[in-house]
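What follows is a set of notes on a single structure, which appears directly below.
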Protein chains: 2
Amino acid sequence: MSSSRTSEQQMNYCKQLTKEEINSRLISVEKAADLEDLFKTLANETRLRILHALSISGELCVNDLSALLEMKTQAVSNQLQKLALYKVVSTRRSGVNIFYRITDPCVELLLERGVCMLESTNDPLAADTNTAETVKAAQIGDE
Amino acid sequence: MSSSRTSEQQMNYCKQLTKEEINSRLISVEKAADLEDLFKTLANETRLRILHALSISGELCVNDLSALLEMKTQAVSNQLQKLALYKVVSTRRSGVNIFYRITDPCVELLLERGVCMLESTNDPLAADTNTAETVKAAQIGDE
DNA sequence: ACACTATTACACGGATTAATGTACAATGTC
DNA sequence: GACATTGTACATTAATCCGTGTAATAGTGT
């Protein structure tokens, strides 16, 4: 019993994969750290709302964002500085206004995916297959 | 100048959307909070690695996970408790072993998306279109 | 009953984060 | 130059988070 409990070769894997096989597919510590950063960008309500507004409008300045989101400019600017530091957004000045737009495609894509999932409350997977269904319907239309 | 600066009707929107139009599409505070929670689940390296191992293997116990990830059982168990509390994973006991498996489809889907993006380092968007290309190629093969 | 193993509970310390308010910098108008 | 507006820098505070080590619990075998 004790030998079977501690022996790695006898671990219970549902898909009958060995530790080596899982390990070969498992994300590395370095990549996990990168992925953590990516998700962390979106793991904040203020940043989510900012990025969503930018994805809708394309480009907005601090003042407009704070008015839209009904938040203090300092709070908005604080988060925008982080997003700019991590190259998620780019900036351009126009007089006293500084405009921000999303430049990181991964962040924008995950944001869209997440928003779609929330809108498909009962069947989150349906939101993800909507694109494939649309493509298929278009191809049927062509025939 | 001061009137043009402060007037909301004259805000500079690149896509020429009015504040009202952006607002009607903008994610609500409540939904942003839900989405924040979803991304927060994945915004931690330990949880990412745990969930990735579970997605590969289907089901694993604490001991196996800590061996695979080369982490202490307490650290692994600590995160698994959180994941179970938020209904991201389910548990089943088998003797002294407790097995965990992913039950939240949104989390698993976002995880897969994120991992794919990292693997497609130069063209993250290509990772997202790979599915559509595969479907299209299969349909061409059928013809 | 006892020994062993797997897992969780609990408390702690250190690190990180985000909003806030004040001060400062940049820009535009008169 | 004075003034107003926009936006950032800076410092502070409170809250959150996570790994760690010890203690406790559950399950199994002898």
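Chain letters run A, B, ... following the sequence lines, proteins first and then strands; every chain starts at 1. Hydrogens, waters and symmetry mates are skipped; everything else that's a heavy atom, side chains included, is used. Being a predicted model, the structure only gives us computed values, none of them experimental.
- Atom CG of B:L85 is separated from atom C1' of C:dT8 by 14 Å (rounded to the nearest Å).
- Rounded to a whole Å, the CG atom of A:L65 is 14 Å from the P atom of D:dT6.
- B:K72 has its NZ atom 5 Å from the P atom of D:dG21, to the nearest Å.
- Counting to the nearest Å, the C1' atom of D:dT8 and the CG atom of A:L80 are 11 Å from each other.
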What N/O pairs connect the protein and nucleotides 16-18 of chain C at under 3.5 Å? Give each pair on its own line.
{"residue": "C:dA18", "atom": "OP1", "partner": "A:N44", "partner atom": "ND2", "Å": "3.2"}
{"residue": "C:dA18", "atom": "OP1", "partner": "A:R47", "partner atom": "NH1", "Å": "3.1"}
{"residue": "C:dA18", "atom": "OP1", "partner": "A:R47", "partner atom": "NH2", "Å": "3.3"}
{"residue": "C:dA18", "atom": "OP2", "partner": "A:R47", "partner atom": "NH1", "Å": "3.4"}

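- With D:dG7, D:dA26, C:dT27 as the choices, the nucleotide that has an atom nearest any side-chain atom of B:R93 turns out to be D:dA26.
- Following rounding to the nearest Å, B:Q74 (CD) and C:dA9 (C1') show an atom-to-atom distance of 11 Å.
- Side-chain N/O atoms of A:S77 include one lying less than 4.0 angstrom from OP1 or OP2 on D:dT8.
- In this structure B:N23 satisfies the side-chain contact (heavy atoms from CB on, under 4.5 Å) test together with A:L68, B:K19, B:L26, sequence neighbours excluded.
- Under the side-chain contact (heavy atoms from CB on, under 4.5 Å) criterion, B:Q74 pairs with B:K72, sequence neighbours left out.
- Distance, A:L60 CG to D:dG7 P: 11 Å, rounded to whole Å.
- B:K31 has no carboxylate O lying under 4.0 Å from a charged side-chain N of A:E119, or vice versa, which leaves the two without a salt bridge.
- If you take CD of A:E45 and C1' of C:dA19, they are 12 Å apart, rounded to a whole angstrom.
- Residues passing the side-chain contact (heavy atoms from CB on, under 4.5 Å) test with A:R25, sequence neighbours excluded: A:L17, B:I56.
- Among residues two or more places apart in sequence or in another chain, the salt bridge (charged side-chain N to carboxylate O under 4.0 Å, His left out) test is passed with A:E36 by A:K40.
- In this structure the side chain of A:L80 reaches within 4.5 angstrom of the side chain of A:L65, judged on heavy atoms.
- In the set C:dT7, C:dT5, D:dG21, the nucleotide with an atom closest to the side chain of B:I98 is C:dT7.
- Sorted by first and then second residue, the side chain to side chain donor-acceptor pair (under 3.5 Å) pairs involving residues 77-90 of chain B (not counting sequence neighbours) are B:R47-B:Q79, B:Q81-B:Y100.
- With distances taken from any side-chain atom of A:V96 to the nucleotides D:dG21, D:dT5, C:dA19, the minimum falls on D:dT5.
- OP1 or OP2 of C:dT5 has not a single side-chain nitrogen or oxygen of B:N63 nearer than 4.0 Å.
- In this structure, A:Q81 reaches the D:dT8 phosphate: one of its side-chain N or O atoms is under 4.0 Å from OP1 or OP2.
- Residue A:I50 contributes atom CD1, which lies 8 Å from atom P of C:dA19 at whole-angstrom precision.
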